[in-house]
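Order of appearance sets the numbers: ligands from 1, and atoms from 1 within every ligand. Numbers here are sequence positions counted from 1.
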Amino acid sequence: MNSYDNPLRDPQDRRLPRIAGPCVLVIFGVTGDLSRKKLMPAVYDLANRGLLPPGFGLVGFARRDWADQDFAQVVHDAVKEHARTPFREEVWEQLLEGIRFVSGTFDSDESFENLKATIDELDTTRGTGGNHAFYLSIPPSGFEPVMSQLAKHGLAERHPGTWNRVVIEKPFGHDLASAKELNAVVERLFKPHEVFRIDHYLGKETVQNLLALRFANQMFEPIWNNHYVSHVEITMAEDIGIGGRAGYFDGIGSARDVMQNHLLQLLALTAMEEPTSFEASQLRAEKKKVLAAARVPDDYDLHTARGQYAAGWQGGQPVIGYLEEEGVDPASKTETYAAIRVDIDNRRWAGVPFYLRTAKRMPRRVTEVALSFKRAPHLPFTITDTEELGTNALVMRIQPDEGVTLRFGAKVPGTQMEIREVSMDFAYGGSFTESSPEAYERLILDVLLGDPPLFPQQEEVELSWEILDPVLEHWASLPEQPEQYEAGTWGPQSGYDMVARDGFTWRRP
Ligand code: BG6
């Protein structure tokens with residue numbers, strides 16, 4: 001259903017939907033998985049929700065020898081298989097009119113001349129107004145040639161009243177130095193406000209809910225600090241292995257893949273001060289401040305852990321270990337489990353460890369941010385009364401099962417004073433009738449609208465590498481393989497030891 005036709009929607013709500021203006025979206029790397037599973041379906045879902053203008057063009061650029069119709073068929077199949085909203089023939093027909101394909105390679109002038117001609121044609125026939133977004137869904141090695149070609153063929157020229165934007169996907173480099181080099185390549189052609197870096201976690205509703213929870217309510221702020229919080233756990237667990245992604249993942253590893261971006265962004269949103277508004281510059285300023293104050297304590301053997309999944313069981317099925325995966329170097333030292341402790345040197349958080357962990361092949365898929373609180377300073381109960389009292393915790397469930405849980409002690413019914421841990425639960429599904437848009441819907445729409453708050457800035461990217469680089473260098477210097485953990489378990493012993501040393505245990509999400 002188009003959310004704007006939703007009969008349950010408050011009729012008093014006069015907010016206008018945010019609809020993109022006329023434009024062309026050019027996707028490089030259109031034959032990749034991301035494009036098929038996420039980008040094309042998101043474009044269709046936006047069209048289906050009435051958020052794309054009639055004057056919209058979608059251009060795919062790739063090596064394949066396809067005609068427009070072949071590419072349209074690929075988009076059609078991807079939409080049918082992966083779109084969130086139902087397939088509607090009339091929406092598809094309208095989208096189809098603006099679909100084009102350019103077959104080419106990054107080093108071919110002719111390909112980019114064709115691209116220019118295609119975009120010019122769409123500007124005229126579809127009235128796309130000279131507004132163009134270039135989405136680089138390609139490995140970073142392709143950035144330089146694409147940028148040079150765009151420049152050479154006048155594709156990034158600015159004309160009054162029109163815009164050109166570039167969208168780049170992580171990895172934003174593999175360390176601080178390469179992130180800077182990559183950025184220099186992009187910013188040679190595009191101004192900082194024209195560059196949209198995608199961290200798809202920021203497009204997730206539940207991640208934005210972190211801001212709502214913290215800053216729209218009065219009751220959390222007074223306890224959101226080191227007087228009350230003992231430690232924070234940010235977990236991103238996946239039950240999948242690396243599947244067919246060895247070519248990307250091997251040599252990169254979990255820390256570079258998701259900790260440098262998704263997990264450190266979650267940390268920034270959890271720990272930052274209140275921005276004066278949610279305008280990009282204000283939000284980014286607060287994120288940058290907290291990232292600049294964050295560091296991994298420098299005894300890395302004690303405060304970090306890495307692991308690699310070995311064969312095991314997942315969902316009742318035997319699964320192979322990382323080193324047996326197709327395309328993985330059998331001597332690979334790439335980690336599929338990464339955990340680090342981050343300390344934040346400011347008044348609010350001094351003394352509160354933030355533990356970040358992520359892994360492939362864990363028992364289940366779950367991402368959450370959990371604040372654990374200190375024990376009450378005095379418990380006027382006997383030790384037996386409170387045997388089953390855990391620590392109070394506030395858990396923001398990013399996915400799946402989106403929502404928030406508060407855990408606290410309550411009296412067990414009966415004649416004795418016995419206290420046990422219970423949960424108070426908010427579930428998105430139970431409180432809202434509208435289903436959450438996919439992260440890429442929100443982010444692509446924001447690119448087309450030129451709305452930057454949900455896109456990390458280069459300085460945030462660099463600050464995140466500054467936090468991680470010393471850990472990665474340390475890991476690289478170790479002669480041994482990462483510790484093995486059985487697939488379908490919560491990770492290696494060193495991960496448990498890392499928090500146990502500080503007197504904690506990982507929450508079982
Ligand atoms: C991507 C990583 O950024 O996020 C993948 O490259 C990971 O390795 C994926 O599987 C997880 O995304 P989500 O939205 O399913 O949590």
Report task. Give a yes or no on whether a salt bridge exists between Lys170 and Asp257, defined as a side-chain N under 4.0 angstrom from a carboxylate O. Result -> yes
Query raised in the report: Which atoms of ligand 1 sit under 4.0 Å from any heavy atom of Gln399?
Result: 13 (P), 16 (O)
Query raised in the report: Counting only heavy atoms, which portion of Lys38 has something under 4.0 Å from ligand 1: side chain, backbone, both, or neither?
Result: neither
Requested in this report: Check the angle between the aromatic planes of Phe87 and Trp92 and answer parallel, tilted or perpendicular using the 30° and 60° thresholds.
Outcome: tilted
Query raised in the report: Backbone, side chain, both or neither: what part of Phe249 comes under 4.0 angstrom of ligand 1, heavy atoms only?
Result: neither
Requested in this report: Examine the proximity of ligand 1 to Asn261 and report which part, side chain or backbone, both or neither, has a heavy atom under 4.0 Å away.
Outcome: neither
Query - N-O pairing of Lys288 and Glu459 below 4.0 Å - result: yes
Query raised in the report: Taking 4.0 angstrom as the limit, do Arg341 and Asp343 come out as a salt bridge?
Result: yes
**Report entry** Main-chain N/O of Ala310 paired with Glu486 side-chain donor or acceptor, under 3.5 Å
**Finding:** no
Requested in this report: Starting from atom 10 (O) of ligand 1, find the nearest protein heavy-atom neighbour and note its residue, name and distance.
Outcome: Glu238 OE2, 2.5 Å
Query - Spatial distance of atom CZ (Arg36) from atom OG1 (Thr31) [nearest 0.5 Å] - result: 10.0 Å
Query raised in the report: Does an N or O from Thr367, backbone or side chain, lie closer than 3.5 Å to an N or O of ligand 1?
Result: no
Report task. State the atoms of ligand 1, each with its element, that fall below the 4.0 Å cut-off from a heavy-atom position in His262. Result -> 1 (C), 3 (O), 4 (O)
Report task. Kindly identify the option in Glu169, Arg365, Lys360 whose heavy atom sits closest to atom 15 (O) of ligand 1. Result -> Arg365
Query - For atom 5 (C) of ligand 1, the protein heavy atom that lies nearest, with its residue and separation - result: Arg245 NH1, 3.4 Å
Report summary line: atom 16 (O) of ligand 1: closest protein heavy atom, distance to 0.1 Å, is Tyr201 OH, 2.5 Å
Query raised in the report: Salt-bridged, Arg188 to Glu144, with N to O below 4.0 Å?
Result: yes
Report summary line: A student checking ligand 1 against Asp257 at a 4.0 Å heavy-atom cut-off should list atoms 2 (C), 5 (C), 6 (O), 8 (O)
Query raised in the report: Taking the six-membered ring of Tyr201, is the NZ or CZ of Lys204 close enough (under 6.0 Å from the centre) and on axis enough (within 45°)?
Result: yes
Report task. Show which atoms of ligand 1 fall inside a sub-4.0 Å distance from at least one heavy-atom site of Val258. Result -> 2 (C)
Query raised in the report: At what distance, to the nearest 0.5 angstrom, does CG of Leu202 lie from CG of Leu269?
Result: 6.0 Å
Requested in this report: Please could you name the atoms of ligand 1 that Lys204 approaches to less than 4.0 Å, counting only its heavy atoms?
Outcome: 13 (P), 14 (O), 16 (O)
Query raised in the report: Of the protein's non-hydrogen atoms, which lies at the shortest distance from atom 4 (O) of ligand 1, and what is that distance?
Result: His200 CE1, 3.4 Å
